[in-house]
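Residue indices begin at 1 and follow the sequence shown. Counting starts at 1 for both ligands and their atoms, following the listed order.
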Amino acid sequence: MIEQLLDRAQSYVRPIGAQPPASRLLAGRTVANLFTEPSTRTRVSFELAAKRLGADVVNLEVQLSSRVKGESMLDTVYTLQSLHVDVMVIRDAETGVPATVAANVAPHVSILSAGEAHVSHPTQGLLDALTVRQHKGRLDNLSISIVGDIRHSRVARSAYHVFSALGVPDLRIVAPPALMPEPGEFSGCSRHTTLESGLKDTDVVMMLRIQKERMAQAELPDADRYFANYGLTSERLSTARRDAIVMHPQPMNRGIEIASDVADGPSSAIRDQVRNGVAVRMAVLAEVMGSRGAP
Ligand code: NCD
């Protein structure tokens with residue numbers, strides 16, 4: 001299924017500057033973006049993906065919605081259901097929200113996760129896999145290093161899931177001990193506490209932001225020290241394979257986890273990730289809605 005979604009997503013990729021794809025597959029359907037955590041790329045790309053498939057889109061700004069008046073998430077969801085929303089795209093800081101909503105809506109309503117707490121971010125995983133596939137052709141002979149705040153990262157967990165499923169033979173997590181996940185997690189990955197061993201001869205370097213919002217103040221690493229030990233500079237990148245690519249889900253903290261010249265440099269695939277985000281979300285929307293009959 002992952003490969004099928006990636007193939008479909010690839011068919012929606014266009015060069016920057018070209019006309020984006022347009023389809024009527026979701027004409028007459030309504031997609032609601034229900035985000036209670038900040039988002040730029042994920043929300044905008046779900047919106048553009050839905051529109052490029054011909055759907056109507058509503059964006060719920062949580063500050064404006066009734067949740068600030070104490071309305072529960074499920075009441076909001078039932079309201080959207082009554083308004084003939086077919087797909088709800090949900091991002092929330094609490095664990096379990098997409099599953100709870102999915103268990104309570106009418107069967108014709110589809111729920112897509114746009115990021116669940118620290119647990120998962122499935123469409124990010126797909127766009128990361130698509131980006132690697134575009135640059136490297138195949139995944140079953142690669143070394144991939146995921147670097148930074150693995151412990152609190154839903155991006156890392158979905159990357160682990162998708163890269164493992166696609167047979168990446170050398171998957172590494174690289175983090176200071178305090179930002180490593182629990183021992184039972186990320187099984188099959190090698191664990192590295194230095195960039196020296198974590199980046200050596202790797203094909204893909206995926207950098208992560210420190211998830212300040214999921215940590216107590218006292219747990220926060222010092223930014224300068226963090227950059228000195230774990231920041232990706234061009235010198236450190238030179239220990240990876242010569243054709244290694246650099247990825248980052250964004251938002252980036254330049255000068256903390258990544259140096260600006262690396263983020264904007266020739267090895268960076270970061271803007272490809274953003275472009276691929278729309279294509280992947282189109283593929284997922286088409287998959288959940290495309291097989292349904294006319295509305
Ligand atoms: C990430 C997220 O929200 O999980 N951003 C994204 O969706 N591209 C990563 C992050 O916030 O660090």
Are Asp170 and Arg172 close enough for a salt bridge, meaning some N to O gap below 4.0 Å? yes
Would you kindly specify which portion of Gln250 sits under 4.0 Å from ligand 1, judged on non-hydrogen atoms: side chain, backbone, both or neither? backbone
Carboxylate-amine/guanidinium proximity below 4.0 Å for Asp264 and Arg254: yes
the protein heavy atom lying closest to atom 7 (O) of ligand 1 turns out to be His121 NE2, 2.7 Å
Side-chain donor-acceptor contact under 3.5 Å, Ser158 with His121: no
Assess whether a salt bridge exists between Glu287 and Arg8, defined as any Lys/Arg side-chain N lying under 4.0 Å from an Asp/Glu carboxylate O. yes
Look at the side chain of Thr36 and the backbone N and O of Arg91, then say whether any donor-acceptor pair between them is shorter than 3.5 Å. yes
His161, NE2: over 12 other non-hydrogen atoms inside 6.0 angstrom: no
Using heavy atoms and a 4.0 Å limit, tell me yes or no: is Gly115 in contact with ligand 1? no
Contact with ligand 1 for Gln211, non-hydrogen, under 4.0 angstrom: yes
Is a side-chain donor-acceptor pair under 3.5 Å present for Gln273 with Asp128? yes
for atom 4 (O) of ligand 1, nearest protein heavy atom and its distance come out as Arg154 NE, 2.7 Å
Within a distance under 4.0 Å of any heavy atom of Pro251, pick out the atoms of ligand 1 and give their elements. 10 (C), 11 (O)
Show me which atoms of ligand 1 lie under 4.0 Å from any heavy atom of Arg91. 2 (C), 3 (O), 7 (O)
For Arg209, is at least one N or O under 3.5 Å away from an N or O on ligand 1? yes
Relative to the heavy atoms of Val155, which atoms of ligand 1 are at a distance of less than 4.0 Å? 1 (C), 4 (O), 9 (C)
Thr42 heavy atoms within 4.0 Å reach ligand 1 at atoms 6 (C), 7 (O)
Lys/Arg N to Asp/Glu carboxylate O, Glu196 vs Lys200, below 4.0 Å: no
Would you say Pro249 has any N or O atom under 3.5 Å from an N or O of ligand 1, going by distance alone? yes
